[in-house]
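Here's the structure, in structure tokens; my notes come after.
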Protein chains: 2
Amino acid sequence: MAWSGNKEDGEGKSRRGYHHGNLREALIAAALDLIGSKGPAGFTFAEAARSAGVSAAAPYRHFRDRDDLLSDVARQGFERFEQFLANAWNEGRPDPRTAVNYLGKAYLAFARTEPAYYSAMFEANISLDDHPELRKAGDRAFEIVRKAAEELSATLPSRPPSLMLALHIWSFAHGIASLFARGDSGRRNLPMSPEDLLEAAMLVYLEGLGSSSK
Amino acid sequence: MAWSGNKEDGEGKSRRGYHHGNLREALIAAALDLIGSKGPAGFTFAEAARSAGVSAAAPYRHFRDRDDLLSDVARQGFERFEQFLANAWNEGRPDPRTAVNYLGKAYLAFARTEPAYYSAMFEANISLDDHPELRKAGDRAFEIVRKAAEELSATLPSRPPSLMLALHIWSFAHGIASLFARGDSGRRNLPMSPEDLLEAAMLVYLEGLGSSSK
DNA sequence: ATGCCATGTGAAGGGCCTTTACATCAAAGC
DNA sequence: GCTTTGATGTAAAGGCCCTTCACATGGCAT
């Protein structure tokens, strides 16, 4: 008794029907909830265990330590992020320039609609050396931007280095997201939406690269 | 015994020569050290107290709680930041465009050379509502950028809105600083320096605003 | 000299992270 | 079917942290 009711009695045995059934995923889900409601610092291993209805020691059967769980949340976040960005880019349709704008907006949208993931990904200060999977997941997400930059560069007369272009786009979106696009309770407010701020910046920036304005 | 030797016996009585003398500042200094070596999350109130040679309860005579001390570090950080940025801007000398470049470089330099302050300012997640002084200090620092943007705008044919310009500069510098200009042990590495990345971005951006290139 | 208030102490309650020895349950092999 | 075995969970304990409270102390004003 006291399992959260996800035993799925009649169907999938939810992995390998054990004591809990699928504690690992339950813990990740609990962590996501807690991070979302109280920030990445407010989340505690013990409380995640309580949410899942197990003792405080149980999580150690599935994660090396608290950071290991956090890094798994972050990794999952980067995977979703990658999908999200890829959808927005949509292989450069209708045209690279417009698609890159969508990409930037998606970055901001992700930060706003998935604050828990975003926190784990960028604000939890997880060592990338101790969690190589996390680094790889982040790299894969960046690859979407990288590819977009490549195709956009190809449409520009000046043919700017695509890596530089990608880093500029990522940095700009990240800066605006970090500063202004968090629900962060007590953050600063703008005279314009983060999306408009980013779009304006991209417009000016691409103009500077010699885009034919539209 | 066991005070860190700053009694200044012969001179200023260091404020109001009390038990410790100036515990408040000693705690801030200790916090800065600890944040610098172990990140803002690694810093603990208790250890700061030990560093200062007092009991764990003593800090509560000077700070409401742990966050209150952190917010004071952050506030002090913003004040230094403001000075640092103002020096770099140097009232627009030799010319606004060059001075803005210095400003951006200063942003990155601060993030790199004062990681403890930077952490407290931007990564400690201190509620701005609970610490209005902190918000004000941040606003004052931003004002430097705001003023620089105003003067730079005046030199540009297109006369872009200076607030937008300031937000763009701040966001860009912040994004690059957050992603790449931290000693953060295990962070990502670039094919170019953060400074070069920022300078290139500013170059393109200003070109886009119709600057006469140089 | 006296009393007040700011400053510091020690102890205590409560919480968290993590480890260790122990229990239990599922599956696999005999 | 029964036993073995390894994965999974528990209870308890150590260590550290945050915060509060009652109490001590020492400067300063009167």
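Below, chains carry the letters A, B, ... as their sequence lines are ordered, and counting in each starts from 1.
- Of the charged side-chain nitrogens involved, none lies within less than 4.0 Å of a carboxylate oxygen, so that B:K136 and B:D139 do not count as a salt-bridged pair.
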- [ ] Do nucleotides 11-19 of chain D as a string where each nucleotide becomes B, S or -: B if the base has a protein heavy atom under 4.0 Å, S if just the sugar-phosphate does, - if no protein is that close.
- [x] B-----SSB

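- DNA chain D is contacted by no residue of residues 31-40 of chain A, taking any non-hydrogen atom closer than 4.0 Å.
- Using a 4.0 Å cut-off between charged side-chain N and carboxylate O, A:R64 and A:D130 make no salt bridge.
- The heavy-atom pair separating B:A52 from B:L23 by the smallest distance is CB-CD1, 3.7 Å.
- B:D65 contributes a side-chain N or O that, together with a main-chain N or O of B:D67, makes up a donor-acceptor pair within less than 3.5 Å.
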- [ ] Please report the C-alpha distance between B:F84 and B:Y107 in whole Å, then the side-chain angles of each, then the deciding distance to 0.1 Å, and finally whether the ring-ring contact (aromatic ring centres under 6.0 Å, His included) criterion is met.
- [x] CA-CA 8 Å; B:F84 200 72; B:Y107 201 114; over 10 Å; no

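- Contact between the side-chain N/O atoms of B:H62 and the OP1/OP2 oxygens of C:dA6 is not found at any separation under 4.0 Å.
- Look at CZ on A:R61: it is 10 Å from C1' on C:dC22, rounded to the nearest Å.
- Salt bridge annotation for A:R97-A:E151: absent, with no cationic side-chain nitrogen under 4.0 angstrom from a carboxylate oxygen.
- In this structure, the ring of B:F110 has its center less than 6.0 angstrom from the ring center of B:F81.
- The separation between A:L27 atom CG and D:dG9 atom C1' is 12 Å, rounded to whole Å.
- Atom-to-atom, CZ of A:R24 to P of D:dA7 comes out at 15 Å; the value is rounded to the nearest Å.
- Classification of A:E143 and A:K147 as a salt-bridged pair fails, no side-chain N sitting under 4.0 Å from a carboxylate O.
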